[in-house]
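A short write-up of the structure that comes next.
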There are 2 protein chains.
Amino acid sequence: MIYSSELIKGTLKTIVLKLLADNKKMYGYEITQRVKELTFDRIQITEGALYPTLHALESDGLVTTETEYIGKRVRKYYSLSPSGKNKTKEKVSELADFMETMKFLLDIKPKTA
Amino acid sequence: MIYSSELIKGTLKTIVLKLLADNKKMYGYEITQRVKELTFDRIQITEGALYPTLHALESDGLVTTETEYIGKRVRKYYSLSPSGKNKTKEKVSELADFMETMKFLLDIKPKTA
DNA sequence: CAAAGATACATAAGAAAATTATGTATTTGA
DNA sequence: TCAAATACATAATTTTCTTATGTATCTTTG
C-alpha cells in the first residue's frame with residue numbers, strides 16, 4: 001500500500017530536512033531511496049517533486065551543496081546550514097505537534113448513535 | 001500558534017468526513033467553528049477552502065445536502081451517504097497509518113553525532 | 001557484448017488544492 | 001446604529017505536486 005499523494009503534500013520539506021539532520025550530507029537520489037526504505041515503500045518521493053524542493057531549500061539558505069564526481073557521473077550533496085538546523089527543529093516539532101492534534105481529531109467519538 | 005497551512009493540505013477532506021461521521025449532519029460554517037474549537041484555534045479552515053471541498057464531496061456522491069432556513073438566512077446541511085461512510089473509514093485509517101509512519105521517520109536519531 | 005535497468009541530475013507543462021480577495025445578505029450585540 | 005458574527009458562494013492567483021521528457025553514466029545479465 002502506498003499513501004495517497006495528497007498526504008505527502010506539505011510534509012516533503014520536513015522529511016528532507018530531517019533526513020539531512022540525521023545524515024549530515026545526502027544527495028537527491030539517495031534521499032528518494034532512503035525514504036522508500038525507511039517507509040517500506042509506502043512513501044515514494046518522485047524526482048519531479050524532490051529536485052525543485054532541494055533547489056528551494058538552497059535558495060532559502062537552509063542547505064549548502066557540494067558536487068562530487070563518481071567516475072564521470074556527477075553527484076550533488078546537500079547539507080544543512082546553521083539556519084537549516086534551526087528550521088529543521090521548528091518544522092519537526094510543528095509536525096509532531098500537528099500529528100497529536102490530528103490524532104485527537106480523528107479519535108473523537110460520535111455524540112449521536 | 002497556528003499550524004502552517006501547508007500541513008493542513010491533504011488532510012482537509014479527511015477532517016470534514018470524520019466530523020460528519022461524528023455528527024450526522026453539519027453545515028459549513030459550523031464545521032469551521034467546530035474545528036477551531038476542537039483544535040484550540042490551531043487549525044482554522046477558511047471558507048475559500050471549505051466550500052469547494054464540500055461541493056466536491058457532494059459531486060462525488062460522498063455527502064448529501066438539505067437546505068434549511070433560519071429566519072431568512074439559508075443554511076445548507078451536509079450528511080454522509082453510505083459510500084461516504086465507507087470512504088471516511090478508509091481515509092481515517094489511511095491517515096492514522098500515515099501518521100505512524102511519519103512519527104517513525106521523525107523519530108530516527110542521527111547516526112553521526 | 002548488447003540491452004535493460006539502475007543511478008543521477010534537471011526542467012517544463014499541466015493539474016490539484018489551497019490562499020486571498022471579493023461579493024451578497026441576515027442577525028446579533030454593544 | 002454600526003461593527004461583528006453568521007452563512008453562503010466564487011474567481012483570480014499562488015503553491016506544490018504529478019507526469020512527461022531529456023541527458024548521461026554505470027552495472028548486471030542473458
Side-chain angles (χ1 to χ4, degrees), chain A residues 2-17 19 25-37 41-60 62-78 91 95 98 102, chain B residues 2-17 19 25-37 41-60 62-63 65-78 91 95 98:
Chain A
I2 295 170
Y3 297 123
S4 69
S5 61
E6 54 182 33
L7 282 182
I8 287 95
K9 284 176 207 280
T11 60
L12 178 56
K13 199 178 288 187
T14 306
I15 291 172
V16 170
L17 288 172
L19 275 184
K25 72 177 193 176
M26 295 183 86
Y27 55 98
Y29 186 77
E30 187 184 14
I31 293 175
T32 65
Q33 299 308 303
R34 186 68 58 85
V35 171
K36 204 164 170 276
E37 263 174 51
D41 293 10
R42 283 181 293 224
I43 296 180
Q44 295 186 16
I45 297 177
T46 59
E47 296 170 290
L50 179 65
Y51 291 116
T53 296
L54 287 171
H55 300 161
L57 290 175
E58 189 178 9
S59 76
D60 287 347
L62 301 175
V63 299
T64 57
T65 62
E66 39 184 322
T67 296
E68 214 169 84
Y69 279 86
I70 307 297
K72 282 180 185 170
R73 196 152 56 187
V74 75
R75 191 181 274 178
K76 201 166 161 190
Y77 279 99
Y78 291 84
K91 289 292 230 173
L95 181 47
F98 176 71
M102 283 305 300
Chain B
I2 295 171
Y3 298 123
S4 70
S5 61
E6 55 182 33
L7 283 182
I8 287 93
K9 285 176 207 279
T11 60
L12 178 56
K13 199 179 286 186
T14 306
I15 292 173
V16 170
L17 287 172
L19 274 184
K25 70 177 195 175
M26 296 184 85
Y27 54 99
Y29 186 76
E30 187 184 14
I31 292 174
T32 66
Q33 298 308 303
R34 186 67 60 84
V35 171
K36 204 163 171 277
E37 263 174 51
D41 292 11
R42 284 181 291 224
I43 297 179
Q44 296 188 16
I45 298 177
T46 58
E47 294 170 293
L50 180 65
Y51 290 117
T53 296
L54 287 171
H55 299 160
L57 290 175
E58 190 179 8
S59 76
D60 287 346
L62 300 176
V63 299
T65 61
E66 40 183 322
T67 296
E68 213 170 83
Y69 279 88
I70 307 297
K72 282 178 184 173
R73 195 153 53 187
V74 76
R75 190 180 274 179
K76 199 165 158 190
Y77 279 99
Y78 291 83
K91 288 291 229 175
L95 180 47
F98 176 71

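In the text below, chain A, chain B and the rest are named by the order of the sequence lines, each starting its count at 1.
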What is the nucleic acid contact for B:L12, judged by heavy atoms within less than 4.0 Å: base, sugar-phosphate only, or nothing?
-> sugar-phosphate

Atom CG of B:L7 and atom C1' of C:dA17 are separated, to the nearest Å, by 15 Å

Just call it for A:R73: base, sugar-phosphate, or nothing, with non-hydrogen atoms closer than 4.0 Å on any strand.
-> base

Using a cut-off of less than 4.0 Å, is there contact between a side-chain N or O of B:T46 and OP1 or OP2 of C:dT19?
-> yes

Separation of atom OH in B:Y29 from atom P in D:dA9, rounded to whole Å = 15 Å

Take atom CG of A:L50 and atom P of C:dT7, then tell me their distance rounded to the nearest Å.
-> 15 Å

Side-chain donor-acceptor pair under 3.5 Å between B:E58 and B:T65, yes or no?
-> yes

To the nearest Å, give me how far apart CD1 (A:I70) and C1' (D:dT25) are.
-> 12 Å

Describe the nucleic acid contact of A:G48 in one word from base, sugar-phosphate, nothing, applying a heavy-atom distance below 4.0 Å.
-> base

Toward the 5' end of DNA chain C, which comes first, A:Y78 or A:K9, by nearest nucleotide?
-> A:Y78

Once you round it to whole Å, what is the distance between P of D:dA4 and CD of B:Q33?
-> 16 Å

So CD1 of B:I31 and OG1 of B:T53: to nearest 0.5 Å the spacing works out to 10.0 Å

Atom of B:Y78, atom of B:H55 and distance for their closest heavy-atom approach | OH-CD2, 3.7 Å

Nearest whole angstrom, please: distance from the C1' of C:dA17 to the CD1 of B:I45.
-> 14 Å

Nearest whole angstrom, please: distance from the P of C:dA17 to the CD1 of A:I8.
-> 13 Å

Nearest-Å distance, OH (A:Y77) to P (C:dT7)?
-> 14 Å

Test the A:K25-A:Y77 pair against the cation-pi criterion, namely NZ or CZ under 6.0 angstrom from the six-membered ring centroid and within 45° of the ring axis.
-> yes

Does the D:dC8 base have a donor-acceptor partner in the side chain of B:E47 within less than 3.5 Å?
-> yes

May I ask you to evaluate whether B:T53 reaches the phosphate of C:dA18, defined as a side-chain N or O under 4.0 Å from OP1 or OP2?
-> yes

Under 4.0 angstrom between A:H55 side-chain N/O and C:dT11 OP1 or OP2 = yes

Under 4.0 Å between a side-chain N/O of B:Y27 and OP1 or OP2 of D:dA7, yes or no?
-> yes

Salt-bridge criterion met for A:K76 and A:E30 (N-O under 4.0 Å) = no

Are B:Y51 and D:dA9 close enough that a side-chain N or O sits under 4.0 Å from OP1 or OP2?
-> no

If each of B:K76 and B:E6 is mapped to the nucleotide of DNA chain D with the nearest heavy atom, which maps nearer the 5' terminus, i.e. the 5' end?
-> B:K76

